[in-house]
Visitor: 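Questions regarding the structure given below will be posed in turn.
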Amino acid sequence: MGFVDLHTHSRCSDGTLTPSELVDYAVEKGLSAVALTDHDTVDGLDELIEYAKGKPVEVIPGIEYSTEYNDRDVHIVGLFIDYKAPVFLEYLTRFKQSRTDRNYKLCANLRGAGIDITYEALMEAFPGAVITRAHYAAFLLDKGYVKSRAEAFERYLGDDTPYFVHREKVTPEEVIEVTLKAGGIPILAHPTLYKLGREQLDVLVSRLKAAGLMGIECYYSTYSPSEERQMRALAEKFHLLPSGGSDFHGANKTGLDLAVGYGRLYVPGEVLADLKKSLDTKILFTDLDDTLLNSEKEISERARDKIMEMLSKGNHFVLASGRSVSSIFDVLEVLDIQSADSEGKIYMAAYNGAVIYDCTDRSVVEQYDVPIPAAQAIFDMALKRGIHIQTYTDTHIISCAEDRELAYYKKSIKSPYKVGTDLEKELTHAPFKLLAIDIDDRSRLEDLRREVEASDLAEHITCAFSCARYLEFYNKRAGKGNALRNLCSAVHVHIKNSVAAGDEENDITMLEAAAVGVCMANGRPIVKECADVITEHDNNHDGIVEIIDKFIL
């Protein structure tokens with residue numbers, strides 16, 4: 001597959017080659033692909049793409065954002081961005097203005113130090129460029145104020161000098177969000193340059209992963225072999241895609257060459273192939289009851305065939321339900337949709353997303369529980385109101401009583417049960433969900449919900465209806481919307497390729513998180529208001545087939 005360079009710069013920011021010259025040089029170096037990632041600008045991308053037509057090298061539209069994290073510069077590379085998307089252009093306009101404002105202030109500070117410099121003079125000296133500190137250094141050197149670029153940074157341009165001006169704070173999370181909205185892949189650039197230490201770097205990567213970071217540069221010009229191994233381990237730990245490149249700037253970085261960096265760099269083409277795969281694979285999240293399943297808790301042969309077809313084409317299928325892991329496995333056995341020959345995989349988001357599970361590998365991806373003291377407090381609130389409540393072990397329902405609510409629940413859920421109210425005795429580990437049931441009067445559940453939401457429990461617990469008779473309680477870090485985001489990130493599927501289908505209140509966060517949120521024709525009005533699309537057919541007439549045909553296949 002050849003080798004690639006996914007981090008380069010042109011004259012449109014602080015490099016010395018034009019985008020066209022960069023393409024020619026990439027061909028000369030034998031690269032199979034090159035990404036242009038100028039600082040805070042996409043001005044060179046049109047030229048890059050047009051000039052590369054017919055050339056034996058693939059070009060990738062990108063950008064490198066400058067952001068601030070704990071008073072440090074942290075850079076995020078965005079690859080495959082739709083750089084003409086309105087949401088991206090609107091953000092970039094504001095981003096550029098903050099840089100321009102900073103440049104005017106920095107010029108004023110330098111004039112105060114006796115240097116004859118204006119922003120207009122810089123623009124004239126470097127036409128069409130996004131002005132960075134590298135341009136200031138070149139200007140000061142050319143005018144004789146310093147004897148080297150290093151001296152320029154040491155005396156005037158470094159973060160700790162009295163003249164430097166920090167720009168308006170732009171967080172890494174902010175640019176990750178806009179990159180995802182523009183269909184791009186956000187990647188943490190050259191992490192070792194931030195001098196954070198292993199523990200603090202883990203904190204940063206964990207924080208950015210939660211914001212939607214998809215990749216990390218595991219290959220870079222300055223990495224030692226041990227640093228490259230460290231970055232690979234970090235990528236594996238946080239389920240991030242490896243990326244990398246030379247950070248080529250032309251003559252502005254002496255000795256650093258395209259494709260090979262300082263001589264040791266090699267970014268294999270497989271890295272690019274994996275990044276592309278994340279943009280091609282689709283994923284469908286579907287609720288079970290009254291969405292995937294009809295009123296008889298079954299699916300048609302036609303629906304089963306469609307699911308198998310989407311799996312065979314490498315797409316993923318996720319059963320997102322308030323049910324337990326064992327109960328969803330019972331459904332999977334009835335559906336008979338698992339196939340070892342499928343390229344796509346089946347996952348579940350059980351207990352309303354509290355447990356994300358890989359059904360193919362039989363392994364937990366992520367899980368979030370309700371601490372036993374919190375669970376006991378909710379149990380006690382329900383019992384004082386005379387409301388049936390239950391929770392779950394890995395194998396059993398733990399019910400507050402053997403009553404008609406339990407009998408009603410057991411009509412569709414066949415799990416065994418135990419009766420008990422002292423959760424310390426009944427549970428071997430913290431549960432993932434609690435369920436309150438009232439067959440006759442939803443308002444009593446509403447009252448319980450208000451009591452929980454008014455208590456200290458609300459800081460960590462979410463309450464949501466899964467149907468008119470069921471009120472569910474689970475960890476705030478769970479929920480079907482978080483499960484969608486977390487699983488897309490873990491299995492390297494871009495969130496722009498996510499589709500979610502549901503019918504009830506507890507599905508709303510999932511529909512809102514997905515690129516396409518679909519409410520079934522039989523869904524509740526509140527869910528329809530939040531959906532992007534409402535199916536023509538309901539769950540009893542293959543509404544799920546309509547969704548797969550329209551958005552997956």
Side-chain angles (χ1 to χ4, degrees), residues 7-19 21-22 36-44 62-77 92-170 172 175 189-190 193-195 220-222 246-256:
H7 187 161
T8 73
H9 299 273
S10 76
R11 287 180 62 182
C12 294
S13 63
D14 54 349
T16 57
L17 299 186
T18 66
E21 290 169 338
L22 180 66
L36 177 58
T37 56
D38 276 323
H39 292 287
D40 305 331
T41 184
V42 293
D43 288 349
I63 188 170
E64 184 176 10
Y65 308 93
S66 304
T67 74
E68 186 176 329
Y69 168 79
N70 289 350
D71 296 323
R72 297 173 186 263
D73 276 346
V74 167
H75 291 186
I76 304 294
V77 165
L92 197 59
T93 297
R94 181 168 65 83
F95 202 80
K96 286 181 177 179
Q97 187 58 51
S98 72
R99 180 183 283 277
T100 299
D101 293 343
R102 190 272 298 269
N103 280 325
Y104 273 110
K105 293 175 183 177
L106 180 53
C107 285
N109 286 352
L110 293 175
R111 286 197 300 275
I115 295 172
D116 183 14
I117 187 172
T118 65
Y119 182 55
E120 290 73 18
L122 282 168
M123 293 294 290
E124 184 177 344
F126 306 101
V130 174
I131 300 299
T132 68
R133 281 187 274 182
H135 296 103
Y136 281 91
F139 186 91
L140 295 179
L141 182 60
D142 182 62
K143 300 297 182 182
Y145 289 105
V146 294
K147 295 180 179 179
S148 68
R149 294 166 63 87
E151 182 187 352
F153 276 87
E154 184 179 339
R155 292 180 60 186
Y156 300 110
L157 304 173
D159 289 3
D160 298 326
T161 65
Y163 311 105
F164 180 68
V165 178
H166 289 279
R167 65 190 296 178
E168 174 191 347
K169 288 188 177 181
V170 177
V175 299
H190 41 61
L193 300 189
Y194 309 135
K195 307 298 182 185
Y220 189 70
S221 294
T222 65
S246 62
D247 204 359
F248 175 69
H249 283 68
N252 281 342
K253 284 194 175 182
T254 306
L256 192 158

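Quantities reported herein were computed from a predicted structural model and do not represent experimental measurements. Starting from 1, each residue takes its place in the sequence as its number.
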Visitor: Main chain of N103, side chain of Y136: is a donor-acceptor contact present, judged purely on distance under 3.5 Å?
Guide: yes
Visitor: Taking only residues two or more places apart in sequence, or in another chain, which ones meet Y194 in a side-chain hydrogen bond (donor to acceptor under 3.5 Å, both in side chains)?
Guide: H190
Visitor: With sequence neighbours excluded, tell me which residues meet side-chain hydrogen bond (donor to acceptor under 3.5 Å, both in side chains) with S221.
Guide: none
Visitor: Could you list the residues that satisfy salt bridge (charged side-chain N to carboxylate O under 4.0 Å, His left out) with R155, not counting sequence neighbours?
Guide: E151
Visitor: Kindly compute the distance separating OH (Y119) from NZ (K105), expressed to the nearest 0.5 Å.
Guide: 14.0 Å
Visitor: So, for R72 and K195, which heavy atoms are closest and what is the spacing to 0.1 Å?
Guide: NH1-O, 3.6 Å
Visitor: Nearest 0.5 Å, please: how far is CG in L36 from OG in S10?
Guide: 4.5 Å
Visitor: Checking side-chain polar atoms at under 3.5 Å, does D14 have a donor or acceptor matched by the opposite partner on H135?
Guide: no
Visitor: Please list every donor-acceptor pair under 3.5 Å in which a side-chain atom of residues 107-117 meets a protein atom from a residue at least two apart or in another chain.
Guide:
residue : atom : partner : partner atom : Å
N109    : ND2  : Y163    : O            : 2.9
R111    : NH1  : I117    : O            : 2.9

Visitor: Between T16 and N252, does the side chain to side chain donor-acceptor pair (under 3.5 Å) criterion hold? Intermediate values first, please.
Guide: CA-CA 7 Å; T16 57; N252 281 342; 5.6 Å; no
Visitor: Write down the atom of P172, the atom of V74, and the distance for their closest heavy-atom approach.
Guide: CG-CG1, 4.3 Å
Visitor: With a 6.0 Å cut-off (strictly less than), is the heavy-atom count around CD of E124, excluding the residue itself, greater than 12?
Guide: no
Visitor: For residues Q97 and T93, determine if any side-chain heavy atom of one lies less than 4.5 Å from a side-chain heavy atom of the other.
Guide: no
Visitor: Could you report the tightest heavy-atom contact between D40 and S66, atom names first, then the distance?
Guide: OD1-N, 3.1 Å
Visitor: For R133, what residues pass the side-chain hydrogen bond (donor to acceptor under 3.5 Å, both in side chains) criterion, not counting sequence neighbours?
Guide: D73, D159
Visitor: Measure the spacing between OH of Y104 and CD of E120 and express it to the nearest 0.5 Å.
Guide: 4.0 Å
Visitor: Could you walk me through whether F153 and T161 pass side chain to side chain contact (heavy atoms under 4.5 Å, CB included), step by step?
Guide: CA-CA 8 Å; F153 276 87; T161 65; over 6 Å; no
Visitor: Distance from F139 atom CZ to L157 atom CG, nearest 0.5 Å?
Guide: 12.0 Å
Visitor: Between S13 and D38, what is the shortest heavy-atom contact and its length?
Guide: OG-OD1, 2.7 Å
Visitor: Are any of the side-chain heavy atoms of L92 and I63 separated by less than 4.5 Å?
Guide: yes
Visitor: Rounded to the nearest 0.5 Å, what's the gap from CG on D247 to OH on Y220? Could you check?
Guide: 3.5 Å
Visitor: For T67, which residues count as a side-chain hydrogen bond (donor to acceptor under 3.5 Å, both in side chains) partner, sequence neighbours excluded?
Guide: none
Visitor: For a quick test of reading the model, state the closest non-hydrogen atom pair linking T37 to H9 and the distance between them.
Guide: O-CE1, 2.9 Å
Visitor: Can you tell me how far the NE2 atom of H249 sits from the OG1 atom of T8, to the nearest 0.5 Å?
Guide: 9.0 Å
Visitor: For T41 versus C12, what's the shortest heavy-atom pair and its separation?
Guide: CG2-O, 3.6 Å
Visitor: Backbone N or O of T18 within a donor-acceptor pair of the R11 side chain at under 3.5 Å?
Guide: no
